[in-house]
Chemist: 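Here it is, the structure, as structure tokens.
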Amino acid sequence: MSYIELENVSFNWPRGERVLAGINLEIEKQETLALVGANGSGKTTLARLILGLLQPSRGRVMLEGKPVGDYTLAARGRKVGYVLQNPEQQFFAQDSAEEIGFALRYRGYTPEQIEVRVAEMLKLFELEDYAATFPFHLSQGEKQRLALAAVMAPGPDFLILDEPITGLDWLRKKRLGTILERVRAEGIGFLLICHDREFGLGLADRQLTLEGGRLV
Ligand SMILES: Nc1ncnc2c1ncn2[C@@H]1O[C@H](COP(=O)(O)OP(=O)(O)OP(=O)(O)O)[C@@H](O)[C@H]1O
Ligand SMILES: [Mg+2]
């Protein structure tokens, strides 16, 4: 049994537009994958299917041997962390520290443990100077890093990162690459959706390409 399994998954929008057709995919827990494909090829749709945020029109998506829909949203979130294509869509807190610490409060962390974990994440993602900053006031690179920090804080098994390098200059890209190398070294697997083949390949055990609704 693989950690994530897609069995003959197809997806059409309600009006019938086909996005994905007969996708078979097995992902191991500690595997790192790069997913590339043209705009509109269905990369985000595939991510949302894996997360159980969309239901396949045909086929099924399994997470640790159970249909992903059988888990509560919270249980899924503990397993697979999702960094949205537009990180602003996931921000809600007044400052970066709260953005990172929020999820921990509901996971049984004590206030002291939260403080330690938030500090650890701020350091790892080079955001120490922005602990008190309103997330929307951060630069694009800082927003991407904060979104990843917030998703990683509670320690999910696996990450789905939807185009995390969009809008980053080469230096920020390189920094994020270094951070993802560390994530990989810690044994946390990820699916990295990314237009930059070179960036993706450098970090991934395997590359997937979506074309015409299929993985090629
Ligand atoms: N809510 C929706 N209703 C109908 N069609 C949609 C909806 N959301 C997306 N689509 C269409 O589904 C297809 C796949 O979209 P998706 O967002 O998965 O592509 P993508 O590969 O992530 O693209 P990008 O590289 O631009 O992020 C596109 O043709 C898109 O226009
Ligand atoms: Mg997308």
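Read the numbers this way: they start at 1 and go in the same order the structure lists the ligands and their atoms. Count residues from 1 along the sequence. As a basis for the values below, the full set of heavy atoms in this structure was taken, side chains included, without hydrogen atoms, waters or symmetry mates.
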Chemist: Using a 3.5 Å distance criterion without hydrogens, assess whether the side chain of R58 forms a donor-acceptor pair with backbone atoms of V9.
Modeler: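 Not a single qualifying donor-acceptor pair exists.
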Chemist: Is K66 positioned over the aromatic face of Y71, cation under 6.0 angstrom from the ring centre and no more than 45 degrees off axis?
Modeler: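 Because its charged atom sits under 6.0 Å from the ring centre and within 45° of the axis, K66 does stack over Y71.
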Chemist: Which pairs with one or both residues in residues 193-204 pass salt bridge (Lys or Arg N to Asp or Glu O under 4.0 Å), sequence neighbours excluded?
Modeler: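 Applying salt bridge (Lys or Arg N to Asp or Glu O under 4.0 Å) to every pair that reaches into residues 193-204, excluding sequence neighbours, yields K173-D196.
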Chemist: Using modelled atom types only, decide if a donor and an acceptor are shared between the side chain of R60 and the backbone of L6 within a distance under 3.5 Å.
Modeler: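 Not a single qualifying donor-acceptor pair exists.
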Chemist: For the Mg ion (ligand 2), how many protein N, O or S atoms come closer than 2.8 Å?
Modeler: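 Every protein N, O or S atom under 2.8 Å from the Mg ion (ligand 2) counted, the figure is 2.
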Chemist: Linking I/L/V/M/F/W/Y whenever their side-chain heavy atoms sit closer than 4.5 Å, directly or via other members, would F11 and I4 fall into one cluster?
Modeler: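 As far as the 4.5 Å side-chain criterion goes, I4 and F11 are connected within one cluster.
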Chemist: If you count heavy atoms of other groups shown closer than 6.0 angstrom to OH of Y3, is the number above 12?
Modeler: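 Correct, the count exceeds 12.
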Chemist: Each residue besides Y106 in its hydrophobic cluster should be listed here, by chain and number; the cluster joins Ile, Leu, Val, Met, Phe, Trp and Tyr at side-chain heavy-atom distances under 4.5 Å.
Modeler: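 Answer for Y106: F92, F102.
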Chemist: Look only at the side chain of T32 and the backbone of D205, and say whether a donor-acceptor pair between them is shorter than 3.5 Å.
Modeler: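 Such a contact is found between T32 side chain and D205 backbone.
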Chemist: Please answer whether the main-chain N or O of L127 pairs with a side-chain N or O of R145 as donor and acceptor at a distance below 3.5 Å.
Modeler: no
Chemist: Would you please write out the protein residues whose heavy atoms approach any atom of ligand 1 to under 4.0 angstrom, listed by chain and number?
Modeler: W13, V19, A38, N39, G40, S41, G42, K43, T44, T45, Q85, E163, H195
